[in-house]
Amino acid sequence: MLVYPSSIDLSTRTLRFLSGQLTARRQEIGTRWRRLPVARQALLALAHLRCGDTYAQLAAGFGIGIATVYRYIREAIEALAALAPPLAEAMKTIRTKAFAILDGTLLPIDRIAADTPYYSGKHKRHGMSVQVLTDPFGRLLWVSPALPGSTHDLTAARQHGIIDALAAAGVKCWADKAYQGAGRPVRVPFRGRRLKRWKRRHNTTHAKIRCVGEQAMATLKGWRLLRKLRCSTNRITNIVKAVLVLHHASV
């Protein structure tokens, strides 16, 4: 296999942060020797998460075995996922904002037609659904655990306790029509084709506010691994949490 130099569009601060977490983990488990030093393991994990490089590509580039690549990446993801804030902690930050924006997105996965629970009728593809909370400027604040793609956004929001958390915190939230019926804390546009003029104006204003949240989706999909996941669906929640932690560490 041919090997060539490449780059990752992340700052050295992100590399130092992950290196520090891996150093602490190695000290905790009493690791004496590894094929790669901490900084190289961190770079390996970032190349996988940010660029979506496969295990085979990384094994060739770093001069180690595929099984070693798998172990190193899984260790880094687990270390990062443990740092991800739960919803209750994230709400402390969200409470200080003027309002929040709630939206859901589908993370495509590699599955066959028989895997019905993972098929999203809305997106016409298989995937895992995650709920995203952002601030009024579209900055990513919190990402939910992943659920099968067939899960409706409102069902997912209720299952994760997002609606109750927003109501308890007294935070106003803007969302799209998928969250119709969520309750008082969540503001959604009017539905219907023949709306009165004031309702159409309301929907236009609502869309201008809510569309800012799409920046958070672009932030997530900037980590190319999330554009097409080929791993076990049981690992996707930890991957999303790891990406969230790395994003907060880099800003």
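- A donor-acceptor pair under 3.5 Å is formed between the side chain of Lys124 and the backbone N or O of Gly121.
- Residues in residues 24-54 take part in these ring-ring contact (aromatic ring centres under 6.0 Å, His included) pairs, two or more places apart or across chains: His48-Tyr55.
- Between the His206 side chain and the Arg201 main chain, no donor and acceptor come within less than 3.5 Å of each other.
- Checking Gln41 against Arg26 by side-chain atom types alone, a donor-acceptor pair falls below 3.5 Å.
- Between Arg235 and Ile77, the closest side-chain pair of non-hydrogen atoms falls below 4.5 Å.
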If you look only at distance, which donor and acceptor atoms sit under 3.5 Å apart when one is on a side chain in residues 56-69 and the other is two or more places apart or in another chain?
residue, atom, partner, partner atom, Å
Gln57, OE1, Thr54, N, 2.9
Gln57, OE1, Thr54, OG1, 3.3
Thr68, OG1, Arg71, NH2, 3.4

Which atom pairs, donor and acceptor, lie under 3.5 Å between side-chain atoms of residues 242-251 and protein residues at least two apart or in another chain?
residue, atom, partner, partner atom, Å
His248, NE2, Leu140, O, 3.0
Ser250, OG, Leu246, O, 3.2
Ser250, OG, His247, O, 2.9

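- Atom NZ of Lys172 sits in a sparse spot, with 12 or fewer heavy atoms from other residues, nucleotides or ligands closer than 6.0 Å.
- One N or O on the side chain of Arg224 and one on the backbone of Arg50 form a donor-acceptor pair closer than 3.5 Å.
- The list of ring-ring contact (aromatic ring centres under 6.0 Å, His included) pairs with a residue in residues 75-94, not counting sequence neighbours, is empty.
- For residues 77-105, the salt bridge (charged side-chain N to carboxylate O under 4.0 Å, His left out) pairs, not counting sequence neighbours, are Arg25-Glu78, Arg74-Glu78.
- With no hydrogens or angles considered, no side-chain donor-acceptor pair links Arg200 and Thr204 at under 3.5 Å.
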Side-chain polar contacts of residues 148-156 - donor-acceptor pairs under 3.5 angstrom, sequence neighbours left out - could you list them?
residue, atom, partner, partner atom, Å
Ser150, OG, Pro117, O, 2.6
Thr151, OG1, Pro148, O, 2.9
His152, ND1, Leu154, N, 3.0
Asp153, OD1, Gln131, NE2, 3.2

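- Taking the ring centroids of Phe190 and Trp198, they lie under the 6.0 Å cut-off.
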